[in-house]
Amino acid sequence: MKMKALFLAAVLLFTLLPAAALAAGPASPPQNLTATPSDATSMKLTWSAPANFGGLAITGYEVSKDGGATWIPTGSIAQTYWFTSLTPFAVYSFGVRAVNALYLGEAAYVTATMALPGQFRLQYGQHLYIFNGGYVIESAPNLAVTTGHSDYRSYTGDYLLTGGTSGTPLTNTTVTVMADYTSGGRIIMLDGLHIFSTATSPVALQTQASVNMDLAGDNELGCPGSGAALGVPLSAALTLGGGGTLIAANNGAGAGIGGGFIGGSGTVTISGGTVCASSYYGAGIGGGQTGGGTVTISGGTVCASSYYGAGIGSGDSGGGGGTVTISGGTICASSDYGAGIGGGYRGGGGTVTISGGTVCASSYYGAGIGSGQNGGGTGTVTISGGSIHADIQAPMGRFGFDPSTMPVRCHEFNTCKAAGDAVTRADILPLLHPDCTLPTAYIFSGVRADAGGKVYLWLPCDVRPGILRGDANCDGKVSAEDAALVLRALAGLSTLSEQGELNADVTGGGVGAEDAAMILRFLAGLIGAL
């Protein structure tokens, strides 16, 4: 009886269904499915209706981003859907299928990478050539490539380049910005790009190219040979900015950033970001081994070093040292045989102009600012602002030339501020000697305290800080450390700064052991004042 009842129910249901439902089935795949990125994490799907609805009206659609493993109802019959919060540069298999009253339709699929036009996750063996109106990707180096190449793609927007990791940088991979490229407000951004190239520059501009390059994330470019890690040849121009970091290292004859082995650098301008550039024979930033360069720094944090070249300026034998202009930023430039800023080991001092920023320039055998150890000329140095500390051991003197020829000299001020804090004109005025005035033309743009709270201002020779009697180490207070420093200086175990000597001479007539004794008696309360 039970089986008979079920049979009769099925017959009744069959007789009540409309003929269309009895002939229905799944809809065919939606047509013309496309996936278009709107940014690095969002993808827009669009499609048109299936050619065959399956005999019933379409009631909705379902979409997938994992090749059909999971499906999401769109909630409407609209033929568009946005996926968000996707992973940049990941590859997705997007799908869509129609739904009618009885069936899930057949699916259509499209594979897409989360990247906008101009975004490249470079791979091993890829060589990207960027023209003014497009690009070509080759599987082998080909500097003869032209816009007539069969793989040339038209594109005139911004570029974003990434690829490799810090532990596993790309090799046999290069980026070349061709000679016809002009920025025109466009940006080439490095965002997590790590390339080590053994044969040539990992990233290079061709002569005449003009590039605005922004930094995002951490980036590393390395080259052990004759090409610069970031190549900027003569007549090319590079402006670096943004908020990311770049390490550009060459342990051969090219610069970290700038020129290759033979020839100088084009124009390198740094306005932001954190840039660390180094070389062995070339400049950290500037010319390769035999060239000078033109470097302008107005912002950011810059660390530039070399063994035989200048930290910033020219390479080992780079002739005149190039032209370096600094108006802002925090700069540390060092060399062993070249100048910190200026000429290489066998190069002249070039032209160095500083009107702002916080600069530390040092060398072991060369000048902090000026020429290298065997440089022919001292160059021209003009300082009208900033904090410039040149604490070096240089046979030609602190700046590689006779300081008496300069109308200004270095004055050390202890601001008692934390390292990196901005220092203004108002902070310095109370620290001046009562008989002195601070020139109104001196520029304080980018001036920051060092680790000891000090700044180093290049002011007229008759300007001097106020004297805190007994403060031999210029830390803004009198302590037993000051007495100990005086005794060490007298024994030849340490040195006093110019301001420290003035502060330590509490008895008059020059610093002696009696000054240390007076400081200790003052600290013990045996005398009321120094």
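Note that the structure is predicted; figures quoted are calculated from it, not measured.
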ring-ring contact (aromatic ring centres under 6.0 Å, His included) pairs touching residues 254-309, sequence neighbours excluded, are Tyr280-Tyr307, Tyr280-Tyr308, Tyr281-Tyr308, Tyr307-Tyr337, Tyr308-Tyr337, Tyr308-Tyr345
Does the pair Ser279 and Asn251 meet the rule for a side chain to side chain contact (heavy atoms under 4.5 Å, CB included), with working shown? CA-CA 5 Å; Ser279 179; Asn251 62 358; over 6 Å; no
I need the minimum non-hydrogen distance between [X] and [Y], along with the two atoms involved.
X: Ala107; Y: Arg97; value: CA-CB, 4.0 Å
X: Leu143; Y: Gln206; value: CD2-NE2, 4.1 Å
X: Ala35; Y: Met43; value: C-SD, 3.6 Å
X: Thr171; Y: Tyr124; value: O-CD1, 3.0 Å
X: Ser265; Y: Gly293; value: CB-CA, 3.8 Å
X: Arg121; Y: Pro88; value: NH2-O, 4.0 Å

Just list the side-chain donor-acceptor pairs under 3.5 Å for residues 185-193, sequence neighbours left out, or say none.
residue: Arg186; atom: NE; partner: Ser183; partner atom: O; Å: 3.3
residue: Arg186; atom: NH1; partner: Asn132; partner atom: O; Å: 2.9
residue: Arg186; atom: NH1; partner: Thr156; partner atom: O; Å: 3.4
residue: Arg186; atom: NH2; partner: Asn132; partner atom: O; Å: 3.4
residue: Arg186; atom: NH2; partner: Asn132; partner atom: OD1; Å: 2.6
residue: Arg186; atom: NH2; partner: Thr182; partner atom: O; Å: 2.8

Student check: side-chain heavy atoms of [X] and [Y] closer than 4.5 Å:
X: Tyr92; Y: Leu86; result: yes
X: Ile428; Y: Phe413; result: yes
X: Met213; Y: Leu238; result: yes
X: His411; Y: Tyr456; result: no
X: Tyr129; Y: Tyr135; result: no

Qualifying residue, where the test is side-chain contact (heavy atoms from CB on, under 4.5 Å) with Leu215 and the options are Thr245, Val275, Thr274: Val275
Salt bridge Arg448-Asp421, side-chain N to carboxylate O under 4.0 Å: no
Using the test side chain to side chain contact (heavy atoms under 4.5 Å, CB included), find all partners of [X] that sit at least two apart in sequence or belong to another chain.
X: Phe196; result: Pro169, Thr198, Pro224
X: Thr46; result: Thr34, Lys44, Thr80
X: Leu170; result: Leu122, Thr173, Ile195

Taking Thr200's backbone N and O only, do any of them form a donor-acceptor pair with Ser197's side chain (distance below 3.5 Å, no angle check)? yes
Is the ring pair Tyr159/Tyr155 parallel, tilted or perpendicular, if the boundaries are 30 and 60 degrees? perpendicular
Aromatic centroids of Tyr181 and Phe131 separated by under 6.0 Å: no
Under 3.5 Å, which donor-acceptor pairs do the side chains of residues 321-328 form with other protein atoms, sequence neighbours left out?
none

For the residue pair Thr174 / His127, report whether a side-chain donor-acceptor contact shorter than 3.5 Å exists. yes
Between Ser317 and Gln289: side-chain donor-acceptor atoms closer than 3.5 Å: no
